[in-house]
Amino acid sequence: MEEAVLLNQTSLVTHFRLSGLSVNQNVQMSVFAVFLVFYVLTLFGNILIVITIIYECRLHTPMYFFLSNLSFIDVCHSTVTVPKMLTDTWSEEKLIPFDACVTQMFFLHLFACTEIFLLTVMAYDRYVAICKPLQYMTVMNWKVCVLLAVALWIGGTIHSIALTSLTIKLPYCGPNEIDNFFCDVPQVIKLACTDTHIIEILIVSNSGLISVVCFVVLVVSYAVILVNLRQQISGGRRKALSTCAAHLTVVTLFLGHCIFIYSRPSTSLPEDKVVSVFFTAVTPLLNPIIYTLRNEDMKNALNKLIGRKEGKEEK
């Protein structure tokens with residue numbers, strides 16, 4: 001009996017081996033160069049948005065409060081996976097310790113779920129602003145905004161704890177090859193040496209249901225907004241449509257990945273890595289581009305901030 005226990009303990013997985021994006025060294029160097037640029041631009045773009053919103057008093061509104069939260073989450077979300085992926089392009093083994101893998105999964109789902117809730121809250125904010133403009137500052141006062149921000153972070157934390165706890169309680173005794181460039185729940189539980197059918201159902205019920213429900217709520221919200229916009233004058237309609245189009249683009253890019261990955265059983269598809277790259281490295285970069293290029297107030301604030309810095313340098 002003691003020998004069996006000892007054998008079981010020594011066969012436990014202590015490290016996972018990530019497959020990465022490619023085994024070709026030339027391709028890996030290209031991947032490193034491209035995604036290093038993506039990551040630097042992601043940090044620069046999102047941090048610039050946060051700084052601009054903080055410094056520009058005209059942007060101290062609920063909409064831009066939530067947008068600054070989105071930029072902060074995008075920086076954190078990208079940082080969870082991209083630096084490790086960049087480091088692994090120089091490594092042949094691409095190992096990640098079990099504890100580090102669990103930590104990566106926890107923060108990945110924390111930021112992803114929090115962003116889903118945030119996008120839903122932003123849709124509600126746009127609904128109130130466009131459909132009930134006279135009641136906007138009463139409904140979306142600062143107390144409500146802060147409470148919503150706290151609630152969505154708590155919701156993301158609860159979701160992440162639930163998924164991570166389901167994963168770490170499973171036994172892992174080999175193999176240890178994760179077919180991705182980061183640790184995620186669907187790929188990790190496939191390596192458990194036990195039946196994970198019930199766990200997969202719970203994951204689909206949790207992550208998949210959250211993604212689908214939030215997506216339906218968002219679609220309904222924007223359908224109501226579009227119907228309401230038909231009754232507004234052309235100038236106000238154009239500005240509102242621009243804001244909503246930017247939000248819908250972000251929602252489609254982000255929730256599309258979540259529905260694709262977490263609304264089906266843990267089976268590997270050739271498209272998984274491509275979708276994961278878009279989810280972790282490309283979407284956080286596109287968010288600041290989408291919101292700044294389609295938002296006149298943000299562009300004016302950025303120009304004002306840049307002009308202020310140039311003026312100080314000349315002095």
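Numbers for residues simply follow the sequence, beginning at 1.
Note that the NE2 atom of H60 and the CD1 atom of I53 stand 8.5 Å from one another [nearest 0.5 Å]. Of the inter-residue distances, the one linking Y172 atom OH with C193 atom SG reads 9.0 Å to the nearest 0.5 angstrom. Distance CG/L95 to NE2/H15: 6.0 Å, rounded to 0.5 Å. Once rounded to the nearest 0.5 Å, the distance linking NZ of K169 with OG1 of T194 reads 10.5 Å. The line from CG of N69 to CG of D74 is 11.0 Å long, rounded to the nearest 0.5 Å. If you take CG on L70 and CG on L118, they are separated by 5.5 Å, rounding to the nearest 0.5 Å.
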Output a table of donor-acceptor pairs, distance under 3.5 Å, between side-chain atoms of residues 32-50 and any protein atom two or more places apart or on a different chain; print 'none' if there are none.
unit_1, atom_1, unit_2, atom_2, d
Y39, OH, T79, OG1, 2.9
T42, OG1, F38, O, 2.7
N46, OD1, S71, OG, 3.4
N46, ND2, T42, O, 2.9
N46, ND2, P284, O, 3.0

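Q187 and D179 make their closest contact through CG-O, 4.4 Å (heavy atoms, listed as atom of the first residue, atom of the second, distance). For the residue pair M140 and L148, the shortest heavy atom distance occurs at CE-CD1, 4.1 Å. The nearest pair of heavy atoms linking L59 to A301 is CD1-CB, 3.5 Å. The nearest pair of heavy atoms linking L108 to H77 is CD1-NE2, 3.7 Å. Shortest non-hydrogen contact noted between P175 and V13 is O-CG2, 4.5 Å. A112 approaches F279 most closely through the heavy-atom pair CB-CZ, 3.8 Å.
The main-chain N or O of A192 is never found under 3.5 Å from a side-chain atom of T196 such that the two would form a donor-acceptor pair. A donor-acceptor pair is defined here as one N or O able to donate and one able to accept, closer than 3.5 Å; such a pair exists between the side chain of Q104 and the backbone of C183. In this structure, K94 contributes its side chain and S91 its backbone to a donor-acceptor pair below 3.5 Å. Looking at T167, its side chain does come within 3.5 Å of a backbone N or O of L163 through a donor-acceptor pair. Judged by distance alone, with hydrogens and angles left aside, the side-chain atoms of N141 form a donor-acceptor pair with the main-chain N or O of V144 at under 3.5 Å. The backbone N or O of G156 lies less than 3.5 Å from no partner atom in the side chain of S160, so there is not a single donor-acceptor pair. Not a single donor-acceptor pair under 3.5 Å links the side chain of T81 to the backbone N or O of F182. A donor-acceptor pair under 3.5 Å is absent between the side-chain atoms of S78 and the main chain of V75, judged by distance alone.
Considering only heavy atoms from C-beta on, C101 comes within 4.5 Å of V188 through its side chain. In this structure, S19 and I178 have side chains that are not in contact, with every pair of non-hydrogen atoms separated by 4.5 Å or more. The side-chain heavy atoms of V102 and F106, taken from C-beta on, include no pair separated by under 4.5 Å. For the pair I189/E200, a side-chain contact is recorded, criterion being any heavy-atom separation below 4.5 Å from C-beta on.
Side-chain rings of W153 and F117 stay apart, their centers remaining 6.0 Å or farther from each other.
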**OP:** Would you sort out whether F66 and T61 count as a side chain to side chain contact (heavy atoms under 4.5 Å, CB included), showing the intermediate values?
**Re:** CA-CA 9 Å; F66 292 124; T61 63; over 6 Å; no

**OP:** Go through the steps for L18 and N180 under the test side chain to side chain contact (heavy atoms under 4.5 Å, CB included), then give the verdict.
**Re:** CA-CA 6 Å; L18 302 170; N180 213 327; 5.8 Å; no

**OP:** Just do the side chain to side chain contact (heavy atoms under 4.5 Å, CB included) check on F181 and V31 with the steps written out, would you?
**Re:** CA-CA 12 Å; F181 59 94; V31 167; over 6 Å; no

**OP:** Verify side chain to side chain contact (heavy atoms under 4.5 Å, CB included) between L12 and F98, making sure each step is shown before the conclusion.
**Re:** CA-CA 10 Å; L12 292 178; F98 184 86; over 6 Å; no

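A donor and an acceptor atom, one from each side chain of T52 and E56, are nowhere located under 3.5 Å apart.
When the side chains of ILVMFWY residues are joined at heavy-atom separations under 4.5 Å, either directly or via intervening members, V146 and I73 end up in two distinct hydrophobic clusters. Both I51 and M63 are assigned to one and the same hydrophobic cluster, defined by single-linkage of ILVMFWY side chains at heavy-atom distances under 4.5 Å. By the rule that hydrophobic residues join a cluster once side-chain heavy atoms approach within less than 4.5 Å of another member, M29 and V82 end up as members of one cluster. Linking ILVMFWY side-chain heavy atoms closer than 4.5 Å, directly or via other members, places V216 and L218 in a single hydrophobic cluster. In terms of hydrophobic clustering, with Ile, Leu, Val, Met, Phe, Trp and Tyr side chains grouped at heavy-atom distances under 4.5 Å, L110 and I158 are assigned to different clusters.
Within a 6.0 Å sphere centred on OH of Y136, other residues, nucleotides and ligands contribute more than 12 heavy atoms.
Ring pair H109/H159 is tilted by interplanar angle, where 30° to 60° counts as tilted.
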